[in-house]
Amino acid sequence: MPRTVITWLALAALMAGCGDLPRPARQAPSSPPAPATSAPTPAPPPASTSREGKHGKDAWPADDVNGDGRADLVVEFGEVDGPYLAVVHGSSRGLDPGRRAVVSSDTFAPWLPGTDAGSRADLDGDGFGDVLGYGSPPGQDGPRPYIFWGGPRGINARMLPTPVRVPQESELSDFQAVAGDFNGDGAADVAMSSPDSTGEDTNLAVLNGPFSREGIPSRQTLQPSPTGEAIGRLAVDEIDGRRATGLIVYEPDDDDQTSGWLLGAAPAGPAKEGRKLNAGMAAAFGDFDGDGTRDVAVGDEGHRNDEPGYETEPPSVDRTLTVYYGDGRQKVFKGTAGRAVSGDFNGDGRDDLAFGGAIGLLDLAPSHTVARIFWGGSGGLRAGGRVAGVGRAAPLTAGDYDADGDDDLVFASGYADFELMVTDGSRVLTRFTTSSLRP
């Protein structure tokens, strides 16, 4: 029987000529949270308020939850009856599993295991990345978006998160919420599906930041879904403070590969009409040719609807990756399917792409393809080989966890509890399991 899949993707959106935008000035938080008592060694406060990495000097990326100048990993894992949300902090040596905060289901039960994509943003403008979680505290019926506030010691793993004030309550368990900067003002926003008068999630709501510590946005807007029907998944550009972020709104899916509409960003927020992309539930985005405009790669995620007659996808979608460049060019690669993650893995100033791996990373019996690296260059992406030592693992996310100016690529393998492999895009640097993160 078909099933509904809820996924946040690690994405960025195609936007040409957005230009660089200034980041908001770093401010002291009004009420820093207490240390996360679930971490055996809490992350110390940053020693300096000046740093330089892939985002430039004094840039404070959205994925830096404790403000030490390095990206942090957010990963959700565990069985349905006992899931965990963990923040693993970066260090001079990369991700350090010993410096972490782990939220148990006694505080908050996440509904979106696996990836941290679209879940990090400085939502209150205090200079520390926050975590946008989707799930429910004990006693709360149904999932919804919540905020774990970042600070000098990261999130407080034992404090109840703050519910986001949504425009209208939805009884659907698959409404989406992702963080971005959709109007380019330097304040993080939240985009989410929202019900119309009939109760169907056919509206796109944009909640503009900064948010209050009560989860209330500065303002909000509603617009019809570009799909013309209910909203499926959402995919969002990376927040880096130098540009507005675009958004991809997908048609609903039933374990098949559906199309997304790419909405460019503008001072008024996401465009009302979008560009329809090739079907494919995997997407990863960046500047693959280094020309300063945003590009987007959309690929076959690999899932298939198992109803008779729907087990396949057309040749234009099956094991296909389509790259849309900001200058209007398109490039098609064939031969693999799976998850997609982008980042500048070799530090040359152009984004690279990992695509493929375990299809259905979170399934009990996933099928497999081989993940490949597509290297960015002046002409765009070019197909490369495998990453040594990861086997058939799937790319999970990427971040500059050691603040050396390039991104580390994280692979994951397993179900419920994962083995996480941190790589430089060519070989494994470190590996650890999510079971080792349990408090």
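One is the number of the first residue; the rest follow in order along the sequence. Quick note: numbers below take in every heavy atom, side chains included, and nothing from hydrogens, waters or symmetry partners. Not measured: the values here are computed from a predicted model.
A heavy-atom distance below 4.5 Å is found between the side chains of L123 and W149. Counting heavy atoms from C-beta on, the side chains of V422 and L73 never come closer than 4.5 Å. With a 4.5 Å cut-off on side-chain heavy atoms, P145 and V190 do not count as touching. The side-chain heavy atoms of M421 and V387, taken from C-beta on, include no pair separated by under 4.5 Å. A heavy-atom distance below 4.5 Å is found between the side chains of L277 and I248. Contact of the M159 side chain with the F148 side chain is not registered, since no non-hydrogen atoms from C-beta on lie closer than 4.5 Å. Contact of the I373 side chain with the L409 side chain is registered, since non-hydrogen atoms from C-beta on lie closer than 4.5 Å. Proximity of P195 to D201: side-chain heavy atoms (C-beta onward) are separated by under 4.5 Å at one or more points.
Taking both residues in full, the closest heavy atoms of R120 and V74 are given as CD-CG2, 3.4 Å, listed atom of the first, atom of the second, then distance. Minimum heavy-atom separation, S225 to V249: OG-CG1, 4.0 Å. Shown here for R294 and D237, the closest heavy-atom pair between the two residues is NH2-OD1, 3.2 Å. Across every non-hydrogen atom of P167 and A205, the tightest pair is CG-CB, 3.7 Å. The two residues E76 and L85 have their closest heavy-atom pair at OE2-CD1, 3.5 Å. Shown here for P163 and R144, the closest heavy-atom pair between the two residues is CB-NE, 4.1 Å.
A distance of 7.0 Å separates CG of L132 from OG of S119, quoted to the nearest 0.5 Å. Separation of atoms CH2 (W261) and OH (Y250) is listed at 11.0 Å; rounding is to 0.5 Å. Of the inter-residue distances, the one linking L381 atom CG with L353 atom CG reads 6.0 Å to the nearest 0.5 angstrom. One finds the CD atom of E251 at 9.0 Å from the CG atom of D256 (value rounded to the nearest 0.5 Å). Note that the CG atom of D63 and the CG atom of D407 stand 8.5 Å from one another [nearest 0.5 Å]. Between atom CZ of residue R382 and atom CG of residue D289 there is a gap of 12.5 Å, rounded to the nearest 0.5 Å.
Between the side chain of D295 and the main chain of G326, a donor-acceptor pair closer than 3.5 Å is present. Listed for the D122 side chain is no donor-acceptor partner under 3.5 Å among the backbone atoms of A62. Of the possible polar contacts, one joining the S218 side chain to the P210 backbone as a donor-acceptor pair under 3.5 Å is found. A distance-only check finds no donor-acceptor pair linking the side chain of Q140 to the backbone of G135 [under 3.5 Å]. Judged by distance alone, with hydrogens and angles left aside, the side-chain atoms of D287 form a donor-acceptor pair with the main-chain N or O of G292 at under 3.5 Å. A donor-acceptor pair under 3.5 Å is formed between the side chain of D130 and the backbone N or O of G150. For the pair D351 (side chain) and F288 (backbone), a donor-acceptor distance under 3.5 Å is absent. Formation of a donor-acceptor pair under 3.5 Å by the S194 side chain with backbone atoms of L204 is not found in this model. Under a 3.5 Å cut-off, the side chain of Y84 and the backbone N or O of P439 do not form any donor-acceptor pair. Remark: the backbone N or O of G90 is paired with a side-chain donor or acceptor of D72 at under 3.5 angstrom.
Residue R386 qualifies as open at atom CZ: its count of foreign heavy atoms under 6.0 Å is 12 or below.
Between F374 and F355, the two ring planes are tilted [angle within 30° to 60°].
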**Request:** Go through the steps for H303 and M281 under the test side chain to side chain contact (heavy atoms under 4.5 Å, CB included), then give the verdict.
**Result:** CA-CA 9 Å; H303 277 111; M281 302 306 296; over 6 Å; no

Checking R438 against S104 for the side chain to side chain contact (heavy atoms under 4.5 Å, CB included) test, could you report, in this order, the C-alpha distance in whole Å, the side-chain angles of both residues, the deciding distance, and whether it holds? CA-CA 8 Å; R438 294 173 182 265; S104 75; over 6 Å; no

Determine whether T423 and F345 satisfy the following criterion, side chain to side chain contact (heavy atoms under 4.5 Å, CB included), listing intermediate values before the conclusion. CA-CA 9 Å; T423 80; F345 308 139; over 6 Å; no

Mind running side chain to side chain contact (heavy atoms under 4.5 Å, CB included) on Y401 and V410 for me, showing each step along the way?
CA-CA 10 Å; Y401 304 117; V410 181; 3.7 Å; yes

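For the salt bridge (charged side-chain N to carboxylate O under 4.0 Å, His left out) test, residues two or more places apart in sequence or in another chain that qualify with R431 are E419. Considering only residues two or more places apart in sequence or on other chains, D189 meets the salt bridge (charged side-chain N to carboxylate O under 4.0 Å, His left out) condition with none of them. The salt bridge (charged side-chain N to carboxylate O under 4.0 Å, His left out) check on R165 picks up nothing, with sequence neighbours excluded.
Side-chain atoms of D181 and T245 include no donor-acceptor pair closer than 3.5 Å. Checking S91 against D96 by side-chain atom types alone, no donor-acceptor pair falls below 3.5 Å.
A salt bridge links R213 to D126: one of the charged nitrogens lies within less than 4.0 Å of a carboxylate oxygen.
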